[in-house]
Protein chains: 2
Amino acid sequence: MKHESPGNEVTIREVGKRAGVSPATVGRVIGGYGKVSEPTRQRVLEAIRQLDYHPNTIAQSMKGKQRKSVGMIVSDICNPFFGMIARAVDDTLIKYGYNLVICNTDDGIDKEASYLKTLTEKRVDGVLACTACEVERKIPRPVRKFYLETPTVFIDREAEGIDVPVIQADNFGGAYEAVVHLIQLGHERIAIVAGGSMVSSIHQRLQGYMKALQDFGLQFRDDLVKLGRLLGVESGAYAARELLNMPAAERPTAIVGLNNLMTTGVLLAIREAGMTIPDDISVIGWDDFDLAQVLSPPLTVVTQPTYSIGSIAAEHLIALLERQRSYRQANDRKIILKTELVIRESCTSPKAPK
Amino acid sequence: MKHESPGNEVTIREVGKRAGVSPATVGRVIGGYGKVSEPTRQRVLEAIRQLDYHPNTIAQSMKGKQRKSVGMIVSDICNPFFGMIARAVDDTLIKYGYNLVICNTDDGIDKEASYLKTLTEKRVDGVLACTACEVERKIPRPVRKFYLETPTVFIDREAEGIDVPVIQADNFGGAYEAVVHLIQLGHERIAIVAGGSMVSSIHQRLQGYMKALQDFGLQFRDDLVKLGRLLGVESGAYAARELLNMPAAERPTAIVGLNNLMTTGVLLAIREAGMTIPDDISVIGWDDFDLAQVLSPPLTVVTQPTYSIGSIAAEHLIALLERQRSYRQANDRKIILKTELVIRESCTSPKAPK
DNA sequence: ATGAAAGCGCTAACAT
DNA sequence: ATGTTAGCGCTTTCAT
């Protein structure tokens, strides 16, 4: 375990000694500032090579420099949606030399608060957050304070009264379109299965759902809206089972899953119940995935440009960090990207309409 | 943008002033070392609260302390396998107060080398790596050097001549079992679709495949082993198409996909070709996933204890970091976890056995 | 063009 | 029990 035994680290000073120059000069060549003559420069570079010197960014940070790292708050990196976001973010950040610190909150606001605390202590330059803050729930003081004081870009979700830029999909529109699609097919009892907590994106989707019902004169029934206790496949299956166990006359003829985990759960429950899609029940998922085309039948889904959401958010944060004024303007505080309804074969008209 | 404007940071010194004590005393209370009287301690705590002081871990690191952060090398965090590993790792690390820095290499050794460089510069305490190093390929000097000098635990893959602990599944055994299953069903032309590069875990699976063929007196045909160019669904589909386009007498009667992306690609290609599973062709996947049960037919897969691999690796690294000695012993340098063949309905006996 | 020296915020002897 | 002081490795004036 020779790594980092205090004291044996190669420093700027030793490089200087080796190259026959002062530490300051070495600093200039590695930092690329000030003036260094070409021959000196080469000698220093050679010494760096020989000693296998690596600048200590920790020490650099001490002199007011950036840490070149940003934190990312997600519910769960296992979830392909967040995986894709994280990937997009990392791809973008690395172009600017930043590293990504991942924090899984499971949508728990306390876990989020705790991660935020360690991120502050680590003095990350900024954060990208799929916050666990819920609609109409009070936000812990330290959480609000953190987001207000630290360069932050929200992803997918926003939080009331925390005015930072947010990049998200058109959740309202996407849900509206999906529900209208079902209504036009003749469905009148359309259920929604959402998981976890009442985060802003889910809230928006629910609003889109309700607006569609309303626009088409359909009665809203709150027993058709299932909010799983947690965000997970099993939770989605549980909710779907409740729906499927209703008496035939009340039972929904269509279900829309508000995220991929919930949708998987719905699919599981339908198979369990021995029902077939779309003959017995129509299904729409949220977020596309490769296997969707391979399911029998191929699944109709609402797609959002997940990768773009991540990369735009990251670019936005970088702009904030490099202090570009233009990004503090009101008109790009909120970027909403279009969703798309990809119609495959999991929806038809209900057997006995009405 | 008031965050971190140099100079306005609340320091130990201001806290001291506020509490009427020296900076050193403040350090003692936040660090929990040395002796502080209870009243003083309370005054300091109060000052910390009032000023909303947060210790600067960057500065702490300067005094030889740990950074409390570890890097993690993966191919692609989007891949559910790596997502799950990352999740397990983060869950474990956070218990010990460490944070996780994610690095996506796309299995490119140069990208890996470049991330390793920034991780050294950031002086992470250690790293967990699904290395991109391939079997029988030379490893860049800096990469080998890094792994040898930095506390490292390999995950899923190892690298020749880099003697660090590794946690992995029984790739050989898992593949052997899957292939024997197929052979016993009567298959004689069994294809393998692997993606990306010849990383040690894939190599081991291939060995298991070959051993099974050999043990049962089946001829190895290298046109039945497809190594996709990249690791991705499309690459898997491409490979599978080549297999399916073979003349019927040569065409494989079974395909095993060596990871979830490849398997998805195989499924896609089979559907495209209008073939049905398992009547026209049997399929086994690697790595289980929730939707596997919902496919028609439900997919037979080789499962590995992914979460455990991640958490064991993380625990191992922590032990290396905090307890050093005991974990440097030979007998736990390599931990191999059992796989399991989950038999569902995607395999039957081939229609016209020879 | 290069060097000397003063910190950045904190820890850890060493004093008192 | 608490204060003083000297760095950690680097950047950055200010001299030379």
Side-chain angles (χ1 to χ4, degrees), chain A residues 3-45 47-48 51-68 118 120-125, chain B residues 3-45 47-48 51-68 118 120-125:
Chain A
H3 182 72
E4 297 303 302
S5 317
N8 72 357
E9 198 176 307
V10 180
T11 76
I12 213 182
R13 199 176 328 274
E14 306 174 40
V15 174
K17 205 167 299 170
R18 177 80 149 202
V21 298
S22 75
T25 301
V26 178
R28 285 189 261 258
V29 0
I30 69 167
Y33 55 86
K35 280 149 198 320
V36 194
S37 74
E38 200 44 33
T40 317
R41 176 189 184 63
Q42 288 309 328
R43 254 183 310 135
V44 171
L45 255 18
I48 287 177
L51 270 43
D52 194 35
Y53 165 82
H54 291 274
N56 183 333
T57 53
I58 299 281
Q60 295 178 308
S61 304
M62 286 295 294
K63 284 299 284 185
K65 283 215 156 179
Q66 293 189 90
R67 260 63 55 193
K68 291 286 184 184
T118 83
T120 334
E121 295 181 349
K122 287 224 160 74
R123 302 296 194 267
V124 295
D125 300 303
Chain B
H3 182 70
E4 297 303 303
S5 317
N8 72 357
E9 197 176 307
V10 180
T11 78
I12 212 182
R13 201 178 326 274
E14 305 175 40
V15 173
K17 206 168 297 172
R18 176 79 149 205
V21 299
S22 75
T25 300
V26 179
R28 285 189 261 259
V29 359
I30 68 168
Y33 56 86
K35 282 146 195 321
V36 194
S37 73
E38 199 44 32
T40 318
R41 175 188 185 65
Q42 289 308 327
R43 254 181 310 134
V44 171
L45 254 18
I48 287 177
L51 270 42
D52 193 35
Y53 165 80
H54 291 275
N56 183 334
T57 52
I58 298 283
Q60 294 177 310
S61 305
M62 286 295 294
K63 284 299 286 185
K65 283 214 155 180
Q66 293 189 89
R67 260 64 53 192
K68 290 287 185 184
T118 84
T120 18
E121 293 181 349
K122 288 225 159 73
R123 301 297 193 267
V124 295
D125 300 302

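Residue numbers start from 1 in every chain, and the chains themselves are labelled A, B, ... in the order their sequence lines are given, proteins ahead of strands.
- Across the protein-nucleic acid pair, A:R67 atom CZ and C:dG9 atom P stand 11 Å apart, rounded to whole Å.
- Residue-to-nucleotide proximity on DNA chain D shows that, of A:R28 and A:T11, the 5′-proximal contact is made by A:T11.
- Rounded to an integer number of Å, the gap from B:R13 CZ to C:dC10 P is 8 Å.
- Between B:T40 and D:dT2, a side-chain N or O to OP1/OP2 separation shorter than 4.0 Å is present.
- Here C:dC10 presents its C1' atom at 16 Å from NZ of B:K17, a figure rounded to the nearest Å.
- Counting to the nearest Å, the C1' atom of C:dT11 and the NZ atom of B:K65 are 8 Å from each other.
- Distance CD (B:E121) to P (D:dG9): 16 Å, rounded to an integer number of Å.
- Checked options B:I12, B:T11, B:I30; the residue passing with B:P55 is B:I30 (criterion: side chain to side chain contact (heavy atoms under 4.5 Å, CB included)).
- Of the candidates D:dT11, C:dC8, C:dC10, C:dC8 carries the atom nearest the A:M62 side chain, counting heavy atoms from C-beta on.
- Proximity of A:E121 to B:Q60: side-chain heavy atoms (C-beta onward) are nowhere separated by under 4.5 Å.
- Every pair passing salt bridge (Lys or Arg N to Asp or Glu O under 4.0 Å) that includes a residue from residues 24-45 of chain B is listed here, sequence neighbours excluded: B:E38-B:R41.
- Residue whose closest nucleotide on DNA chain D sits further toward the 5' end, between B:S61 and A:V26: B:S61.
- Of the candidates C:dC8, D:dC10, C:dT11, D:dC10 carries the atom nearest the A:Y53 side chain, counting heavy atoms from C-beta on.
- With hydrogens and angles ignored, the 3.5 Å screen pairs no side-chain donor or acceptor of A:R13 with any backbone N or O of A:P23.
- Look at CG on A:N56: it is 18 Å from P on D:dG7, rounded to the nearest Å.
- Here the nucleotide nearest the side chain of B:A24, chosen from D:dA6, D:dC10, D:dG3, is D:dG3.
- A donor-acceptor pair is defined here as one N or O able to donate and one able to accept, closer than 3.5 Å; such a pair exists between the side chain of A:S61 and the backbone of A:T57.
- Phosphate proximity of C:dG3 to A:S22: present, with a side-chain N or O under 4.0 Å from OP1 or OP2.
- For the pair B:T25 and D:dT2, the criterion of a side-chain N or O lying under 4.0 Å from OP1 or OP2 is not met.
- In the model, B:E9 has a side-chain atom that pairs as donor or acceptor with a side-chain atom of B:N56 under 3.5 Å.
- For the pair A:Q60 and D:dC10, the criterion of a side-chain N or O lying under 4.0 Å from OP1 or OP2 is not met.
- Atom-to-atom, CD1 of B:I12 to C1' of D:dG3 comes out at 13 Å; the value is rounded to the nearest Å.
- With hydrogens and angles ignored, the 3.5 Å screen pairs a side-chain donor or acceptor of A:K122 with a backbone N or O of B:K68.
- If you take NZ of A:K63 and P of C:dG9, they are 9 Å apart, rounded to a whole angstrom.
- Of all the residues in residues 30-39 of chain B, B:I30, B:Y33 reach under 4.0 Å from DNA chain C with at least one non-hydrogen atom.
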